[in-house]
Amino acid sequence: MIQLSVQYPYQTDSEFNWDYYMNNHIPMFQEKLGDAIKGVTIVKGLGGGAPDTPPTYAAMALVNFDSVEAFQAAFGPHAEGIVADIPNYSTVGPVIQLSEIVSS
């Protein structure tokens with residue numbers, strides 16, 4: 001099992017439209033990638049490790065797939081449209097990582 005992490009860095013001058021993200025972008029992403037998605041967790045950054053510090057990331061989407069190949073096959077045909085939607089909810093581009101889930 002692998003996990004796609006899409007992380008939006010927190011910046012004091014950035015904007016993140018949670019309403020659009022949750023009600024438009026995430027449903028669109030899930031519809032386009034369909035059954036290839038094995039699980040989705042959306043998290044909202046609240047703070048850093050020390051008291052009264054900002055979060056490292058404003059938002060993160062953690063999406064599970066059976067394999068890198070399954071992710072690529074599902075995402076590839078829709079990549080352009082999914083990426084083109086980012087400016088509708090975020091003024092900061094995401095940091096993206098594929099990881100192997102070794103424990104849960």
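Cluster membership check: I96 shares its hydrophobic cluster with L98, using side-chain heavy-atom separations under 4.5 Å among Ile, Leu, Val, Met, Phe, Trp and Tyr. By the rule that hydrophobic residues join a cluster once side-chain heavy atoms approach within less than 4.5 Å of another member, M22 and F16 end up as members of one cluster. Under the 4.5 Å side-chain heavy-atom criterion for grouping Ile, Leu, Val, Met, Phe, Trp and Tyr, V6 is connected to F71 within one hydrophobic cluster. Hydrophobic cluster membership differs between V40 and V95, with clusters built from Ile, Leu, Val, Met, Phe, Trp and Tyr side chains linked at under 4.5 angstrom. Placement of M1 and L4 in two distinct hydrophobic clusters is found when ILVMFWY residues are connected by side-chain heavy-atom separations under 4.5 Å, directly or transitively.
Proximity of a side-chain donor or acceptor of T91 to a complementary backbone N or O of E15 within less than 3.5 Å is detected.
Contact annotation: the side chain of I42 approaches that of Y21 to within less than 4.5 Å [non-hydrogen atoms, C-beta and beyond].
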With a cut-off of 3.5 Å and sequence neighbours excluded, list every side-chain donor-acceptor pair involving residues 78-88.
{"residue": "H78", "atom": "NE2", "partner": "K32", "partner atom": "O", "Å": "3.4"}
{"residue": "D85", "atom": "OD1", "partner": "Y20", "partner atom": "OH", "Å": "2.6"}
{"residue": "D85", "atom": "OD1", "partner": "N88", "partner atom": "ND2", "Å": "2.6"}
{"residue": "D85", "atom": "OD2", "partner": "H25", "partner atom": "ND1", "Å": "2.7"}
{"residue": "N88", "atom": "ND2", "partner": "Y20", "partner atom": "OH", "Å": "3.4"}

Could you pull out all donor-acceptor pairs under 3.5 Å where a side-chain atom in residues 47-66 meets a protein atom, sequence neighbours excluded?
{"residue": "T53", "atom": "OG1", "partner": "G48", "partner atom": "N", "Å": "3.4"}
{"residue": "T53", "atom": "OG1", "partner": "A50", "partner atom": "O", "Å": "2.7"}
{"residue": "N64", "atom": "OD1", "partner": "Q3", "partner atom": "NE2", "Å": "3.0"}

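Residue K38 qualifies as enclosed at atom NZ: its count of foreign heavy atoms under 6.0 Å is above 12.
Of all heavy-atom pairs spanning A70 and A36, the tightest one is O-CB, 4.3 Å.
Expressed to the nearest 0.5 Å, how far CH2 of W18 lies from CD1 of I26 amounts to 8.5 Å. Residue E69 holds its CD atom at 8.5 Å from CD1 of I2, rounded to the nearest 0.5 Å. To the nearest 0.5 Å, atoms CG (N24) and CZ (F29) are separated by 15.0 Å.
Sorted by first and then second residue, the side chain to side chain donor-acceptor pair (under 3.5 Å) pairs involving residues 95-104 (not counting sequence neighbours) are Q97-S99.
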